[in-house]
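Worksheet for the structure shown next.
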Amino acid sequence: MTSTAPDPHYSPATLAVAAGRPERVAGAAVNEAIWLSSTYVADGPVDYGRTDNPTWQAFEAALGALEGGRALVFGSGMAAIAAACALVPQGSTVLAPRHVYSGTGALLREAAAAGRVHLREVDIADTTAVRAAVQGAALLWLESPTNPMLEVADLRATTSAARAAGALSVVDNTFATPLVQRPLELGADVGVHSVTKYLAGHSDVVLGASVTRDDDPGRALHARLRAYRHLHGAIAGPQEVFLALRGMRTVALRVERAQATAAELARRLFTHPRVERVRHPSLPGDPGHDLATAQMRGYGAVLAIEVAGGAAGAERVAAGTRLWVHATSLGGVESSLERRRRHGAEVTTVPESLLRLSVGIEDVEDLWADLDQALRS
Ligand SMILES: *Cc1c(COP(=O)(O)O)cnc(C)c1O
């Protein structure tokens, strides 16, 4: 079983490799095993497969070290999001970004329609509006940068406004990853991830995670999220978790490469004759540039472009690439793109012509040549 935590002062790139390993004793495996057992002999540290699993523990040790808190793995990003939303009582007011991830938006709107919460939506990049709207709320839901509009929230200012108003703050850190942004250090109470994306990184699993502070004063957030996972059965299969941990060993390399390529593509797309707008906080003129520079280490590897010719023009570009995969999701080693409004769940303030680009780790010139030919054809 997992033990011997590495020095927490190691850099994230080191922690991603060193954390969540079995104890170093002669003959021991260097990787935690895939524990395929629904039950365990009585009176040990793990008793039942819906409660805990040593393969989960290894992944959680590694993600917790990376993000600076205590992690829990869930069966999907949405399972972790549902668990975090359930931290506030029935009838609570929830404040969320207007352009929150479409699944989170659909979940919150469903809860509001059923009378379980009151939902307020806000432009998450407008800190003054967030400060006003968080008054009386029990939960501030943050996502930064947002999916797919790439808006940047001031995480320090908004989480501190939430704390002052007595609201819990949760940050969906899927786009940034802990390599680029550490929400707990910026004041958040809970971080959530779609592990499906960069953390696992190979488009071969669907998983989620939450991360809370080690020194969570009196609110027992970790224990409550763990109880939610156990009681709602929001659990992950050990084989998927093994793959996610294997993928996470290279997350620093993948994210560094992908975000450098994304910034270069954003710079070139900015002057492309068939592109009307580029959204990526790396661009000096982007509305989120200064904030992202202050609170992130890099700008992430997802960008969005609005192309000439509206919805049809965007569909033509998506169908016209040969290297970029036309597919939903993001964060894999392979670059992919998608017109987000083809999904009914995407809000109508996302432009029809918007293509979300998830930059992978291929060669930048190959990616550029393919995108350029698809845009021009
Ligand atoms: C994909 C995604 C999710 C949902 O995660 P799943 O693993 O698909 O359940 C949540 N938030 C963001 C920002 C995402 O991109």
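Atoms within each ligand, like the ligands themselves, are counted from 1 in listed order.
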Looking at Asp172, which atoms of ligand 1 are within less than 4.0 Å of one of its heavy atoms? 10 (C), 11 (N), 12 (C), 13 (C)

Is a side-chain donor-acceptor pair under 3.5 Å present for Thr328 with Glu338? yes

Are any of the heavy atoms in Val195 under 4.0 Å away from ligand 1? no

Donor + acceptor pair across side chains of Glu334, His202 (<3.5 Å): no

Any N/O of Ile81 closer than 3.5 Å to an N/O of ligand 1? no

Between Arg229 and Ser210, do the side chains contain a donor N or O and an acceptor N or O under 3.5 Å apart? no

Geometry only, no angles: is Met78 polar-contacting ligand 1 at N/O separations under 3.5 Å? yes

Closest approach of any protein heavy atom to atom 10 (C) of ligand 1, naming residue and atom: Tyr101 CD2, 3.3 Å

Numbering the atoms of ligand 1 from 1, which are under 4.0 Å from a heavy atom of Ser76? 9 (O)

Aromatic ring pairing Trp35/Tyr40, orientation class (parallel under 30°, perpendicular over 60°, tilted between): tilted

Less than 3.5 Å between some nitrogen or oxygen of Lys197 and one of ligand 1, yes or no? yes

Non-hydrogen atom of Thr104 closer than 4.0 Å to ligand 1: no

Can we say Arg98 and Glu151 salt-bridge, meaning some charged N sits less than 4.0 Å from an Asp/Glu carboxylate O? no

For ligand 1, does Leu207 get within less than 4.0 Å through its side chain, its backbone, both, or neither, judged by non-hydrogen atoms? backbone

Side chains of Thr158 and Leu142: closer than 4.5 Å at any heavy-atom pair? yes

Side-chain contact test, heavy atoms from C-beta onward, threshold under 4.5 Å: evaluate it for Thr293 versus Tyr299 and give yes or no. yes

Under 3.5 Å between any N/O of Ser194 and any N/O of ligand 1: does that happen in this structure? yes

